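For reference, the structure discussed in these notes is given below.
Remember, it's 1-based here, ligands and their atoms both numbered in the order they're listed. From a predicted model like this one, the values you see are computed outputs, not experimental measurements. In what follows, every heavy atom counts, from backbone to side chain, and hydrogens, waters and symmetry copies are set aside.
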Amino acid sequence: MAAIPELSLEMKEKILIVDDEEAIRNLFVEALSGLGYRCEVAENGLECLGMYYESSDYDVVLLDVQMPELGGIETLRKLKSYAPDLSIIIVSASRDIDIVRTALKEGAYDYIFKPFNINDVQAVIRRAVERAQLIKENKDYQHNLEQKVEYQTHELVKLYSGTLQAMILALDLRESETGYHSYRVTEYALTLGRHMSLNESELSMLAKGALLHDIGKIGVPDNILLKPGKLTDEEWEVMRKHAELGYMMLKKIEFLEESAVMVYTHHEHFDGSGYPKGLSGTDIPLGARIFSIVDAFDAMTSKRTYRDEIAFDKAVEGIKEASGTQFDPAIVDVFIQIDLGVWEEIKENIDDSGSNYLKGLLFELSKYK
Ligand SMILES: [Fe+2]
Ligand SMILES: [Fe+2]
């Protein structure tokens with residue numbers, strides 16, 4: 001039976017009484033302990049700060065104004081800068097209204113004039129304790145809310161990454177010849193996009209579009225997609241449908257909506273000779289104009305079964321030659337400024353890290369819309 005009141009005493013709020021007069025400290029301790037509060041005492045501001053820094057679990061601080069070492073107002077200021085929510089009650093012997101005004105301005109919760117009636121003091125303390133409890137509950141609520149949001153974000157990221165991974169895997173299973181082509185063009189596109197000063201959300205759209213640019217090939221029949229020899233005109237006709245098919249696949253997914261447009265237009269040429277729409281110039285979305293350069297660049301610098309890769313510097317020449325016809329000349333100008341070593345390093349890194357690259361990229365992308 002004795003354990004219950006002891007436990008409730010243990011749970012009671014903790015009050016720090018700061019006064020240089022022992023009689024006053026004792027008076028407070030006696031009255032407040034009687035109400036079940038846990039009381040600790042300090043003789044001046046300095047001692048109070050030392051105690052608070054050591055253990056900041058006080059709910060209310062009672063602070064005398066006139067004290068040696070460090071006075072009440074200065075102690076209040078320091079405590080408030082350290083613990084803005086702390087409930088501090090100023091206990092003043094002077095009825096000087098300026099002191100009260102300063103104390104309230106500095107964040108004191110309330111004030112008590114000496115000599116005081118202990119019943120009035122108890123009422124002030126009770127209010128201060130209730131306020132401290134409310135602040136504590138709000139903090140707990142806020143903390144729980146943050147945890148919930150963090151959990152849901154994590155779940156969303158998992159879903160988001162899973163969707164992209166499944167799509168890429170689906171295409172890789174159909175057409176494995178191109179190896180890490182989609183990873184390389186994603187990283188190349190991000191590099192060129194950064195040199196074009198795109199913002200984070202534009203880069204995210206660009207990366208997702210690059211990663212999924214050929215996703216529509218899932219809809220191209222095996223006899224065409226996997227045909228070892230040259231395609232006939234009719235077969236090319238079907239192959240070209242992959243841009244539109246990719247667009248149709250992605251446009252329904254909210255976080256891929258913008259990238260879907262890039263997928264739709266990734267084979268357009270600057271001079272209007274591309275497909276599916278024959279768009280030209282800046283009618284072609286910026287992402288697609290950036291992407292088509294790195295797509296061609298990676299195709300040239302990667303080995304395929306029917307041809308060898310060419311050197312990076314030769315491939316840059318090839319891009320330059322198609323500036324103004326296939327590619328946007330303004331973007332080609334930015335592209336050729338980038339050191340060849342940058343592309344070489346990306347290619348080596350991706351070839352080394354393989355599918356781990358995708359995990360890192362998806363994590364990065366998950367931070368943006
Ligand atoms: Fe394509
Ligand atoms: Fe490609």
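Of the possible polar contacts, none joining the Arg77 side chain to the Gly72 backbone as a donor-acceptor pair under 3.5 Å is found. A donor-acceptor contact shorter than 3.5 Å is absent between the side chain of Ser33 and the backbone of Glu30.
Listed by chain and residue number, the protein N/O/S atoms under 2.8 Å of the Fe ion (ligand 1) are Asp214 OD1, His242 NE2, His266 NE2, His267 NE2, with waters left out.
Ionic pairing of Lys303 and Glu309 is not present here: no N-O contact between side-chain nitrogen and carboxylate oxygen is shorter than 4.0 angstrom. Glu317 and Lys320 are joined by a salt bridge, as a carboxylate oxygen and a charged side-chain nitrogen come within less than 4.0 angstrom of each other.
When His266, His267, His269 are each tested for a ring pair (Phe, Tyr, Trp, His ring centres under 6.0 Å) with Tyr275, only one passes: His267.
Transitive grouping of hydrophobic side chains (ILVMFWY, heavy atoms separated by less than 4.5 Å) keeps Val61 and Tyr109 in distinct clusters.
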